[in-house]
Engineer: 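Handing you this structure, nothing more for now.
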Amino acid sequence: MSEFSPISIYLVISPLVSLIPLGVPFPFASNSSTYPEKLSAYECGFDPFGDARSRFDIRFYLVSILFIIPDPEVTFSFPWAVPLNKIDPFGSWSMMAFLLILTIGSLYEWKRGALDWE
């Protein structure tokens, strides 16, 4: 049982460390949030106009996808690049195939005009 005591201490202390900062502000909070001005939407000092759920142009989503593409590339490249001298040829060629697929996808989006903003 003594070998599991650090884990049990951690399991007791970690919820306390995370829940105490969430509960501390409640006794000190005032009820000022019940005013209608506090509950209304704030839009640069003006009264809100229009619907907040308006449609976005599809190009916003395309740009966000273009920013997401390098994330898996970096995620998968880092463990491959750290022990570079210990990787066999299969590991090197599989990484090159992965990078080639990402490059082809980026070039395809570029050719299709996903990066053109008109």
Engineer: Search all heavy atoms of P6 against all heavy atoms of S2 and return the closest pair with its distance.
Structural biologist: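 Distance-wise, the nearest heavy atoms are CD-O, 3.8 Å.
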
Engineer: Please report the closest heavy-atom contact between S92 and I87, naming both atoms and the distance.
Structural biologist: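 Looks like N-CG2, 3.6 Å.
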
Engineer: Apart from I9 itself, which Ile, Leu, Val, Met, Phe, Trp or Tyr residues share its cluster (side-chain heavy atoms under 4.5 Å, direct or through members)?
Structural biologist: I13, V17

Engineer: For L22, what are the other residues in its hydrophobic cluster, where any two members join if their side-chain heavy atoms are less than 4.5 angstrom apart?
Structural biologist: L19

Engineer: State yes or no: do F98 and I101 share one hydrophobic cluster built from I, L, V, M, F, W and Y residues joined by side-chain heavy-atom distances below 4.5 Å, directly or via other members?
Structural biologist: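 No, separate clusters.
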
Engineer: Mind checking what makes side-chain contact (heavy atoms from CB on, under 4.5 Å) contact with L100, not counting sequence neighbours?
Structural biologist: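 side-chain contact (heavy atoms from CB on, under 4.5 Å) check on L100 returns I104.
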
Engineer: Any side-chain heavy atom of W110 sitting closer than 4.5 Å to one from L107?
Structural biologist: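 Yes - at least one pair of side-chain heavy atoms lies under 4.5 Å apart.
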
Engineer: Does Y108 sit in a hydrophobic cluster with other residues, and if so which ones, taking ILVMFWY side chains as linked at heavy-atom separations under 4.5 Å, directly or through other members?
Structural biologist: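 Besides Y108, the hydrophobic cluster comprises nothing; the residue is isolated.
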
